[in-house]
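What follows is a short report on a single structure.
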There are 2 protein chains.
Amino acid sequence: MTTKSDFDVLLIAGDIDKLVHEPARLMLLSILYTIDSADFVFLQKQMGLTRGNFSTHMSKLEEAHYINVKKEFVDRKPMTVLSITDEGRAALEKYRGQMKKILAALG
Amino acid sequence: MTTKSDFDVLLIAGDIDKLVHEPARLMLLSILYTIDSADFVFLQKQMGLTRGNFSTHMSKLEEAHYINVKKEFVDRKPMTVLSITDEGRAALEKYRGQMKKILAALG
DNA sequence: TATACATGTTTGTAATGAAAACATGTTTGT
DNA sequence: ACAAACATGTTTTCATTACAAACATGTATA
């Protein structure tokens, strides 16, 4: 018989995607998951992050292909538009599944 | 009227307790939440961490008073027993509540 | 009595998150 | 027209952190 402790499900915490797990990025990815796309300044202000901090988190998600970053000009000013990718959706859904299991195991 | 976006609940991700949120510690705290107490070697092996890594995570949770660490001798060998504190339980429950809201907002 | 074993801790290091400083261009004020 | 303020992001710098290797201590064994 396989030894299956009552907490074995909790071990999946070790497989969590840290790129998604980090709070600021979880927030950003979740927002984009619900509203599909939004611009840099709007998101940065809503989330209460500095521009620098937001920028680095954005870049990491972009490098992972979890979001798309499109740069355009509006009223002669630069505007950066973020949108979630299919890969990003999949990653967040996987994360959600893992976290749900963990939370469920806590009763 | 207060501007309440449909993703406002996701902003609570910024208030998450990072001490609990870190995967290895979330795992450890969750295990102790379900089985109350266990020893160092058992936990370290189950969790698949090196002793050094486990030791530092343990210490951080101890410093935060989320767990108790008791050292004794068994068969003339040192044994370290970890147990969750009320404060630790409260922290994990708060964390669970926050994460549940976030996950729920994702549909 | 040395060699291996067992249990943790401390130290060294690479990665990370956060904000300040910087770069680039635009609008405003005089 | 020209400087100062504003707007949008990026790059750099810094402190913290997660991780594992090395270390310390004691025990069992050959």
Side-chain angles (χ1 to χ4, degrees), chain A residues 11-32 37-64 66-83 91 95, chain B residues 11-32 37-64 66-83 91 95:
Chain A
L11 300 180
I12 65 176
D15 292 329
I16 284 178
D17 184 346
K18 291 193 179 178
L19 212 73
V20 176
H21 192 56
E22 197 285 324
R25 288 191 299 263
L26 175 60
M27 197 191 307
L28 174 52
L29 208 56
S30 295
I31 292 175
L32 293 176
S37 86
D39 68 275
F40 184 110
V41 174
F42 172 77
L43 290 166
Q44 174 252 315
K45 285 183 175 158
Q46 290 289 319
M47 293 174 56
L49 302 184
T50 61
R51 293 193 299 275
N53 194 13
F54 183 87
S55 178
T56 59
H57 285 306
M58 178 183 74
S59 295
K60 290 200 174 182
L61 289 176
E62 186 186 19
E63 283 164 33
Y66 286 177
I67 65 171
N68 274 320
V69 176
K70 186 179 51 172
K71 288 156 183 305
E72 41 186 295
F73 280 85
V74 173
D75 293 338
R76 325 193 95 250
K77 278 177 285 186
M79 175 157 94
T80 300
V81 178
L82 293 73
S83 57
Y95 176 83
Chain B
L11 301 180
I12 65 176
D15 292 328
I16 284 178
D17 184 346
K18 291 193 179 177
L19 211 72
V20 176
H21 192 57
E22 197 284 325
R25 288 190 299 263
L26 175 61
M27 196 191 308
L28 174 52
L29 208 57
S30 296
I31 292 176
L32 292 176
S37 87
D39 69 276
F40 185 110
V41 174
F42 172 77
L43 290 166
Q44 174 252 316
K45 284 183 176 159
Q46 289 291 318
M47 294 174 55
L49 301 184
T50 61
R51 293 193 301 273
N53 193 14
F54 183 85
S55 178
T56 58
H57 285 306
M58 179 183 74
S59 296
K60 291 202 172 181
L61 290 176
E62 186 186 20
E63 283 164 32
Y66 286 178
I67 65 171
N68 274 320
V69 176
K70 185 179 52 172
K71 287 158 184 305
E72 40 186 295
F73 280 85
V74 172
D75 292 338
R76 324 194 96 250
K77 278 176 282 183
M79 174 157 93
T80 300
V81 178
L82 293 73
S83 58
Y95 176 82

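Hydrogens, waters and symmetry mates play no part in the numbers below; they use all other heavy atoms, side chains included. First the proteins, then the strands, lettered A, B, ... as listed; each starts at 1.
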Expressed in angstrom and rounded to an integer, what is the separation of [X] atom [atom1] from [N] atom [atom2]?
{"X": "A:F73", "N": "C:dT26", "atom1": "CZ", "atom2": "P", "value": "7 Å"}
{"X": "A:H57", "N": "D:dT10", "atom1": "NE2", "atom2": "C1'", "value": "15 Å"}
{"X": "B:D75", "N": "D:dA28", "atom1": "CG", "atom2": "C1'", "value": "12 Å"}
{"X": "A:K71", "N": "C:dG25", "atom1": "NZ", "atom2": "C1'", "value": "14 Å"}
{"X": "A:M47", "N": "D:dG9", "atom1": "CE", "atom2": "C1'", "value": "16 Å"}
{"X": "A:L49", "N": "C:dG17", "atom1": "CG", "atom2": "C1'", "value": "11 Å"}
{"X": "A:L82", "N": "D:dT8", "atom1": "CG", "atom2": "P", "value": "14 Å"}
{"X": "B:R76", "N": "C:dC5", "atom1": "CZ", "atom2": "C1'", "value": "16 Å"}

> Once you round to the nearest 0.5 Å, how far does CD of B:Q44 lie from CG of B:L82?
Replying inline: 11.5 Å

>> Can you pull out the residues from residues 24-32 of chain A that lie within a 4.0 Å heavy-atom distance of DNA chain C?
In response: A:R25

Side-chain donor or acceptor of [X] paired with backbone N/O of [Y] under 3.5 Å:
{"X": "B:S55", "Y": "B:R51", "answer": "no"}
{"X": "B:E62", "Y": "B:I67", "answer": "no"}
{"X": "B:D75", "Y": "B:K77", "answer": "no"}
{"X": "A:D17", "Y": "A:L19", "answer": "yes"}

Indicate yes or no: at least one non-hydrogen side-chain atom of [X] is less than 4.5 angstrom from one of [Y].
{"X": "A:T80", "Y": "A:M58", "answer": "yes"}
{"X": "A:S83", "Y": "A:K70", "answer": "no"}
{"X": "A:L26", "Y": "A:Y95", "answer": "yes"}

Provide the Watson-Crick or G-U wobble partner of [N], both distances under 3.5 Å; none if there is no partner.
{"N": "C:dT27", "answer": "D:dA4"}
{"N": "D:dA30", "answer": "C:dT1"}
{"N": "C:dA19", "answer": "D:dT12"}

>> If you assign B:T80 and A:K60 each to the DNA chain C nucleotide with the nearest heavy atom, which residue ends up on the more 5' nucleotide?
In response: B:T80

> Hey, which of these two, A:K77 or A:E22, hits DNA chain C nearer its 5' end, going by closest nucleotide?
Replying inline: A:E22

> Starting at the 5' end of DNA chain D, which residue's closest nucleotide do you reach first, A:N53 or B:N53?
Replying inline: A:N53

>> Heavy atoms only, 4.0 Å cut-off, all strands: where does A:K45 land among base, sugar-phosphate and nothing?
In response: nothing

> Which part of the nucleic acid, if any, lies within reach of A:R51 when heavy atoms closer than 4.0 Å are counted: base, sugar-phosphate only, or nothing?
Replying inline: base

>> It should be established whether A:K18 places a side-chain nitrogen or oxygen under 4.0 Å from OP1 or OP2 of nucleotide D:dC19.
In response: yes

> Under 4.0 Å between a side-chain N/O of A:S55 and OP1 or OP2 of D:dT10, yes or no?
Replying inline: yes

